[in-house]
There are 2 protein chains.
Amino acid sequence: MKRDVFQAIADPTRREILNFIAFEPQNVNTVAAQFDVSRTAIYKHMKILIECGLVDVRQKGRERYCAAKLEQLSEVAEWIEQYRQFWTSRLDALENYLNDVQKNNNSKKKK
Amino acid sequence: MKRDVFQAIADPTRREILNFIAFEPQNVNTVAAQFDVSRTAIYKHMKILIECGLVDVRQKGRERYCAAKLEQLSEVAEWIEQYRQFWTSRLDALENYLNDVQKNNNSKKKK
DNA sequence: TAAGTTTGAAACCAAAAGGTTTCATGTATG
DNA sequence: CATACATGAAACCTTTTGGTTTCAAACTTA
């Protein structure tokens, strides 16, 4: 099953897991120790993160190091960016307006 | 109940709803007509979007116009931005690597 | 080799999510 | 006023989610 990044980061525990392994890969037990819930519960969250590509696993002996692949977040970032013009500052709104005006002027000049 | 923006945008139908009303507010029926599911189902999605502040409602006669308040997405955007350094250009990766090397050298020197 | 450690997976459970049909209410309008 | 329309809400159902306990397997190490 191909998991969805949007859905993966919807859960606060999974966001905390990502944050915990963002700087340095950690094995499952180390991650689980950070949380109140059972290791198995964390493992399940991990599985979801792995399925959507947000986490990568590297076997090392009997341990498995989980590394965050945060570039997968760009899918969400890009989805949001397309709407950024709707909420940035009024200055930006002005800037956009001026850009538009300029664009229109250029088009007119070409004609 | 204070809803969570992360959770609200996890559902693909809700993302489509946001996109549909992003440029121009629409009443519930008009939105519902865009989707296969029932009006009531769309209304429930709408309610979730309203509860987390992603949608604003303005009564007008017997109709209720729903407008997207996309600036609420900034919460998610900011959460992602803090990790952007981890996946931007390879140049950044090289920079991080060099920083690490330097750090390790310093540690060794201390010993 | 035997005991301890790290992990994966199965069976099970309660609550939440997403959907439906149905009904009530307020608003327009012929 | 009577009918049609737009919406909110309740009751109900099925699937998914997030959690648990338990057990098996693979790897370490005394």
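To find a chain, count down the sequence lines: A is the first, B the second, and so on, and within it residues start at 1.
Among residues two or more places apart in sequence or in another chain, the salt bridge (charged side-chain N to carboxylate O under 4.0 Å, His left out) test is passed with A:Asp11 by none. Among residues two or more places apart in sequence or in another chain, the salt bridge (charged side-chain N to carboxylate O under 4.0 Å, His left out) test is passed with A:Arg58 by none. Here B:Glu24 pairs with nothing under the side chain to side chain donor-acceptor pair (under 3.5 Å) rule; sequence neighbours left out. Looking at residues two or more places apart in sequence or on another chain, you find a salt bridge (charged side-chain N to carboxylate O under 4.0 Å, His left out) between A:Arg84 and A:Glu81. Taking B:Asn19 as the reference, A:Tyr83 meet the side chain to side chain donor-acceptor pair (under 3.5 Å) condition, with sequence neighbours excluded. Looking at residues two or more places apart in sequence or on another chain, you find no salt bridge (charged side-chain N to carboxylate O under 4.0 Å, His left out) involving B:Arg39. By the side chain to side chain donor-acceptor pair (under 3.5 Å) test, B:Thr30 pairs with B:Asn27, sequence neighbours left out.
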Distances for protein N or O near nucleotides 27-30 of chain D N or O, under 3.5 Å:
| unit_1 | atom_1 | unit_2 | atom_2 | d |
| --- | --- | --- | --- | --- |
| D:dC27 | O3' | A:Arg62 | N | 3.2 |
| D:dT28 | O4' | A:Arg62 | NH1 | 3.3 |

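Near-neighbour residues of DNA chain C inside residues 20-47 of chain B, defined by a heavy atom below 4.0 Å, number-ordered: B:Val37, B:Ser38, B:Thr40, B:Ala41, B:Lys44, B:His45. For DNA chain D, the neighbouring residues in residues 7-17 of chain A, judged by any heavy atom under 4.0 Å, are A:Gln7, A:Asp11, A:Arg14.
If you take SG on A:Cys66 and CD on A:Gln26, they are separated by 9.0 Å, rounding to the nearest 0.5 Å.
When rounded to the nearest whole Å, the span between CZ of A:Phe6 and C1' of C:dA17 equals 19 Å.
Sorted by first and then second residue, the ring pair (Phe, Tyr, Trp, His ring centres under 6.0 Å) pairs involving residues 19-78 of chain A (not counting sequence neighbours) are A:Phe23-B:Phe86. Counting only residues at least two apart or in different chains, salt bridge (charged side-chain N to carboxylate O under 4.0 Å, His left out) contacts with residues 70-79 of chain A are absent.
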